[in-house]
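Not measured: the values here are computed from a predicted model. Per chain, numbering begins at 1; letters A, B, ... match sequence-line order.
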Amino acid sequence: MVQLISSLPYKSMSQVRVRFAPSPTGFFHIGSARTALFNWLYARHTGGKFILRIEDTDQARNSEEFLRLIYDSLSWLGMDWDEGPNADGVGERGDCGPYRQSQRADIYQQYLQQLLGAGRAYEKDGAIWFRMLGERYQVYDDHRKKEVEKVKAAPVLIDDRIRGKVERAEDEDFVIFRSDGNPVFHFVNVVDDITMKISHIIRGEDHLSNTSKHVRLYEGFGVTPPVFAHIPLILKSPEMGQGKMSKRDKGALIEEYRQRYFLPEAIVNYLSLLGWNPGAGDDREKLAIAEIVKLFDLPAVNQSNAKFDGKKLAHMNMLYLLELPADRFLAQAREYFQKQATGATVLANEAYFREIMLLAHPKIKGLEELSTYTAYFFSEEFLIDAKVKEKVMAKGAPKTRLAELTAVVPAMDFSTDATVEEAIKQLATEKALGFGDYQAVARLAVTGTNAGPSITSIFRVLGKERVIARLQRFLAEA
RNA sequence: GCCCUCAUCGUCUAGCGGCUAGGACAGUAGAUUCUCAUUCUAUAAACCGGGGUUCGAUUCCCCGUGAGGGCACCA
């Protein structure tokens, strides 16, 4: 088929322009983040532009709060956009605006007039329909339980960068403006992508079936369609159920991970591996973002859907947490405790706080564990884990060991871990026992648990007075 | 019902005609550090089924089956 139009607005531009076009009608979820990420990666990989467009035509479901969440989530994950609304919600940048569909009504009118003028659109039942080209016939539709008008036409051929060649029949007129005067998704999507000079449309596979409509619209406007790349969907993990992941699923929201103090770079790394990998014998999974940008390309994207695995995300998060520089860890920990009920107490003494956080850093698997992991450092009202107690008290003669230890603590040198360790070892040697015979019960008495930093560090940081008080209290109660 | 896409360990995946089918998470068993976590070692675990093509198919083709998506005056 020969196209009439010669003025292809971006034909001469070789620059890649991709967009992420969310609608602010709900929480920002993993699937959206991954779609945004693949677009962002492609833009950064090719040196192109990443454009943020807000599809806020659904006035009933839109909210400023959700709009804000889009900006915040993208920024938090480190996906900066070259064009679109500013992150603070004030103004926008780029030459192809406005970037919010709610402000583009006149553009849609203009493009509608073009279709009307060319005879490719008509009014029926108060709505405006896009006219397909070809011979018409009536047929009964089982699904919709009614007679519908079909059009004989060659199928649309989509040359997808990820799927290959996909053929699909598009054989019905469809609504482009509702009877309430608002344009529908397919129409605004295509018009925006034309006017924003989008070169590659990278989106979820759920849009693959819509693409034939979009191609016909491009043709209707006399514009060569951009390159399409339909990425696999993220499905629910087996515990979540069946089907594609939606914002209602537990563990599906970016906000949830943010509130749990996951590290954004870990989330981005995990997401990048859902449907993509460096390939060709490259087994690496933990990849710096710069490395991913360097390696990412569309043909390497998988074609099959992937199930979300929260455990693997948590593992990735731990890897990033472990190698976080001390100052960044402390900053994160500070931010975390500012939101906790115990925050004021915990943050009261900077040096003490710092010391404990650095003890906890190599031991925890996620920042969210920080509060319970360090609770006994900040309060004398810590809980004694009943199960641990049962286990510890069942072995050997823990009460005797504790009494022996309590007797020598007042004379101990608490200045360093080494001096504490030496003193306990000396006691053990005198009694012909091991360090472990004192360690377990001392830990239980002083922290109420069996998990934590070395007992020597705990003693030193808590200080002699508190250690003695705790040991005596435990002895009295046990 | 019609249309589209996909198919390797439980999960994410490598593989692009010839491999002992590799890695990671989760699992199991050990080792190590005073506990815990980390770490390390070992172990178990997969080519959906049936036809072709080929000297040879996990790999290419077809048919099933299964999984997912789309069929709106939602986006």
Side-chain angles (χ1 to χ4, degrees), chain A residues 21-23 25-26 55-58 60-61 101 124-129 139-145 155 158 160 162-164 166-172 174-186 188-189 204-213 230 232-233 235 237-238 242-244 270 273-286 302-316 318-319 322 360 362-365 369 373 388 392 421 424-425 428 434-444 447 449-458:
Chain A
S23 58
T25 55
E55 307 218 330
D56 55 349
T57 50
D58 188 345
R61 295 195 296 153
Q101 286 184 338
K124 189 179 90 180
D125 304 331
I128 296 171
W129 299 65
V139 69
Y140 182 80
D141 184 299
D142 267 349
H143 184 69
R144 280 172 289 184
K145 310 281 180 215
I158 302 151
D160 193 284
I162 294 167
R163 310 272 150 192
V166 178
E167 231 181 50
R168 191 173 182 279
E170 193 58 55
D171 56 2
E172 275 179 45
F174 56 90
V175 171
I176 51 175
F177 269 74
R178 285 189 282 270
S179 49
D180 66 5
N182 287 314
V184 306
F185 164 73
H186 304 297
V188 293
N189 203 262
E205 199 228 61
D206 49 347
H207 287 293
L208 187 54
S209 296
N210 292 149
T211 305
S212 48
K213 275 191 183 66
H230 287 91
L233 301 178
L235 271 29
S237 60
Q242 303 262 296
K244 76 169 171 174
Y270 173 74
L273 258 21
L274 229 43
W276 173 85
N277 66 79
D282 191 341
D283 279 341
R284 290 176 302 162
E285 292 199 329
K286 185 168 177 297
N302 281 134
Q303 306 184 24
S304 50
N305 296 340
K307 292 197 178 76
F308 178 76
D309 184 357
K311 288 220 180 88
K312 192 148 184 174
L313 206 205
H315 179 258
M316 187 65 82
M318 183 195 71
L319 294 181
L322 280 175
K363 311 282 267 180
I364 57 170
K365 301 180 92 167
E369 294 173 7
Y373 195 84
V388 173
V392 171
E421 185 174 346
I424 297 176
K425 275 188 173 157
F435 189 95
D437 292 300
Y438 294 94
Q439 180 275 138
V441 70
R443 180 182 297 279
L444 176 67
T447 73
T449 166
N450 66 342
S454 72
I455 190 66
T456 53
S457 298
I458 293 172

Which listed nucleotide ([options]) is nearest to the side chain of [X]?
| X | options | answer |
| --- | --- | --- |
| A/Arg163 | B/rC34, B/rA14, B/rU5 | B/rU5 |
| A/Asp125 | B/rC73, B/rU13, B/rG22 | B/rC73 |
| A/Lys365 | B/rG70, B/rU11, B/rU38 | B/rU38 |
| A/Ile455 | B/rA75, B/rC34, B/rU35 | B/rC34 |
| A/Asn210 | B/rC71, B/rC12, B/rC34 | B/rC71 |

For the [atom1] atoms, the ones on [N] and on [M], what distance do you get once it is rounded to whole angstrom?
| N | M | atom1 | result |
| --- | --- | --- | --- |
| B/rC48 | B/rC6 | C1' | 13 Å |
| B/rA46 | B/rG10 | C1' | 10 Å |
| B/rG49 | B/rU39 | C1' | 43 Å |
| B/rA37 | B/rA44 | C1' | 25 Å |
| B/rG52 | B/rA57 | C1' | 12 Å |

Considering all heavy atoms, the nearest [X]-[Y] contact:
| X | Y | value |
| --- | --- | --- |
| A/Trp129 | A/Ile176 | C-CG1, 4.1 Å |
| A/Gly434 | A/Asp437 | N-OD2, 2.8 Å |
| A/Ser212 | A/Arg168 | OG-NH1, 2.9 Å |
| A/Arg163 | A/Gln303 | NH1-O, 2.9 Å |

Look at all strands and tell whether [X] reaches a base, only sugar-phosphate, or nothing, counting heavy atoms closer than 4.0 Å.
| X | answer |
| --- | --- |
| A/Gly434 | nothing |
| A/Met318 | sugar-phosphate |
| A/Pro453 | base |
| A/Ser179 | base |
| A/Leu322 | sugar-phosphate |
| A/Tyr373 | base |
| A/Asn450 | base |
| A/His230 | nothing |
| A/Gly275 | sugar-phosphate |
| A/Glu421 | nothing |
| A/Thr456 | base |
| A/Ala306 | sugar-phosphate |
| A/Glu205 | base |

What is the distance, to the nearest angstrom, from the [atom1] atom on [X] to the [atom2] atom on [N]?
| X | N | atom1 | atom2 | answer |
| --- | --- | --- | --- | --- |
| A/Leu273 | B/rU13 | CG | P | 8 Å |
| A/Gln439 | B/rC36 | CD | C1' | 9 Å |
| A/Asn305 | B/rU11 | CG | C1' | 14 Å |
| A/Asp283 | B/rA21 | CG | C1' | 13 Å |
| A/Leu319 | B/rU39 | CG | P | 7 Å |
| A/Arg284 | B/rG22 | CZ | C1' | 16 Å |
| A/Ile424 | B/rC34 | CD1 | P | 12 Å |
| A/Glu369 | B/rC36 | CD | C1' | 11 Å |

Go ahead and name the base partner of [N]; Watson-Crick or wobble counts if both distances stay under 3.5 Å, otherwise write none.
| N | result |
| --- | --- |
| B/rG1 | B/rC71 |
| B/rU53 | none |
| B/rG17 | none |
| B/rU58 | none |
| B/rC48 | B/rG64 |
| B/rU41 | B/rA29 |

Is the shortest side-chain N/O distance from [X] to OP1 or OP2 of [N] below 4.0 Å?
| X | N | value |
| --- | --- | --- |
| A/Asn302 | B/rU13 | yes |
| A/Arg178 | B/rC74 | yes |
| A/Gln303 | B/rU5 | no |
| A/Lys244 | B/rU5 | no |
| A/Asn277 | B/rA14 | yes |
| A/Ser454 | B/rU33 | no |

Inset, instruction - For A/Asp56, check side-chain hydrogen bond (donor to acceptor under 3.5 Å, both in side chains) against everything at least two apart and list the hits. - result: A/Arg100, A/Ser102
Inset, instruction - List for me each residue that meets side-chain hydrogen bond (donor to acceptor under 3.5 Å, both in side chains) alongside A/Glu55, sequence neighbours excluded, and say none if there are none. - result: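 If we apply the side-chain hydrogen bond (donor to acceptor under 3.5 Å, both in side chains) test to A/Glu55, skipping adjacent residues, the hits are A/Arg53, A/Gln101, A/Asn189.
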Can you check whether any acceptor in the base of [N] is under 3.5 Å from a donor in the side chain of [X], or vice versa?
| X | N | result |
| --- | --- | --- |
| A/Gln242 | B/rG68 | no |
| A/Ser209 | B/rC71 | no |
| A/Ser304 | B/rC6 | no |
| A/Lys312 | B/rA26 | no |

Report yes if some heavy atom in the side chain of [X] is under 4.5 Å from a heavy atom in the side chain of [Y]; otherwise report no.
| X | Y | answer |
| --- | --- | --- |
| A/Asn277 | A/Asn302 | yes |
| A/Phe185 | A/His207 | yes |
| A/Glu205 | A/Leu233 | yes |
| A/Arg443 | A/Ile458 | yes |

Legend entry - Residue whose closest nucleotide on RNA chain B lies nearer the 5' end, A/Ala127 versus A/Glu285: A/Glu285
